[in-house]
Amino acid sequence: MKKGILIILLYIAWIFLTWPFGKEIDWQILIAGLFISILSGFIFGEGFTESPHKFFGIKRYFWAIAYIPVLIFWCIVANLDVAYRVLHPNLPIRPGIVKVKTKLKSKSGLTALANSITLTPGTMSVEVDPEGYIYVHWIYVKTDDIEKATEIIVKRFEKILERIFE
Amino acid sequence: MRETLSLIFMFIGGLFNLFGCIGLVRLPDVYNRLQASTKCVTLGTCLTLFGIIISGPINASLKSLLCIIFILITAPTAAHALSRASIKSGVKLWEKSVINKLEEDKK
């Protein structure tokens, strides 16, 4: 089942990259892509995902689509924040590494959370502890308390990511 | 109209790339520099590609969309790998940093 999912994903990526549906359909590209994705799916399928049944929850895809605008909004806020700090003559930074707690357990969920933390205002994940702690480098430390830092940094993503990945 | 819109997006993207580079020069240590470069360069590149999505033909748009997805996945991962490597090899934080939980926990 892992191999099947990987083959389908690879084939979609192949079609997006080559886009054979021009004036007439280019069967050569379609068939070559099918062969290549089946081959690489069989070679790399084992290391692909831990829980393939999660791909069949339709609700996860809707939450993933709902997650995109949230991520884009915080990404733009983050950029304006960095631009302000960089262009300000006094360089208003107060950096430090704080520790936050998360409820997410699955590897893909933790990865998505760490990546989202890196893309949002002033924070960058440095080290992930498998027990559910993430060490975050914060460009302007507002609090060094674990609970409060979690409230500020993690809570805005955790609820949606929990529904996508857990 | 579509041309103008895509040019505006590309200009804003280039501006954010410039901010990222200024941050790379002005900020004091590895971790702060990684912050500036990752965030600004990610959004800047995504906006430039978004300009291509608006104005280009359909095959170029789909390729750019795929590029945006891959950049959003890989850029933070690369920053995470670089900062983790710096921590492991003992690069110190800037001397005016307020707190370092990681070092406190290691002791």
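Please read all numbers here as calculations on a predicted model, not as lab measurements. Protein chains get the first letters and strands the later ones, always in sequence-line order, with residue 1 at the start of each.
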Nearest-0.5 Å distance that lies between atom CH2 in A:Trp14 and atom OG in A:Ser40: 9.5 Å
Nearest atoms (heavy-atom pairs only) where B:Arg2 meets B:Gly56: NH2-O, 4.0 Å
What do you reckon, are the aromatic ring centroids of A:Phe21 and A:Trp19 less than 6.0 Å apart? yes
Between A:Thr118, A:Asn115, A:Ile93, which residue shows the highest count of heavy-atom pairs closer than 4.5 Å to chain B? A:Asn115
Quick one: does B:Arg26's side chain have a donor or acceptor within less than 3.5 Å of a partner on A:Pro89's backbone? yes
Indicate yes or no: at least one non-hydrogen side-chain atom of A:Phe16 is less than 4.5 angstrom from one of B:Lys63. no
A:Ile134 backbone acceptor or donor facing A:Glu127 side chain under 3.5 Å: no
Heavy-atom distances under 4.5 Å only: say whether B:Leu66 touches chain A with side chain, backbone, both or neither. side chain
Whether the side chain of A:Tyr11 engages the backbone of A:Ile38 through a donor-acceptor N/O pair (distance < 3.5 Å, no angle test) should be reported. no
How about residues 78-85 of chain A versus chain B: which residues have heavy atoms under 4.5 Å apart? A:Ala78, A:Asn79, A:Leu80, A:Val82, A:Ala83
Between A:Lys3 and A:Phe42, is NZ or CZ placed under 6.0 angstrom from the six-membered ring centre and within 45° of the ring axis? no
Heavy-atom distances under 4.5 Å only: say whether A:Thr123 touches chain B with side chain, backbone, both or neither. backbone
Is there a donor-acceptor pair under 3.5 Å between the side chain of B:Arg84 and the backbone N or O of A:Val126? no
Any side-chain heavy atom of A:Leu17 within less than 4.5 Å of one from B:Asn59? no
Check each atom of B:Thr38 against the heavy atoms of chain A and say whether the ones under 4.5 Å are side chain, backbone, both or neither. side chain
Cut-off 4.5 Å, heavy atoms of chain A, and the answer for B:Tyr31 is both
Under 4.5 Å, counting heavy-atom pairs only, tell me which of B:Cys67, B:Gly23, B:Gly44, B:Gly20 racks up the most with chain A. B:Gly23
Okay, A:Ile72 and chain B: the region with an atom under 4.5 Å from a heavy atom over there is neither
Max heavy-atom pairs within cutoff under 4.5 Å with chain B, candidates A:Val86, A:Leu71, A:Thr18, goes to A:Val86
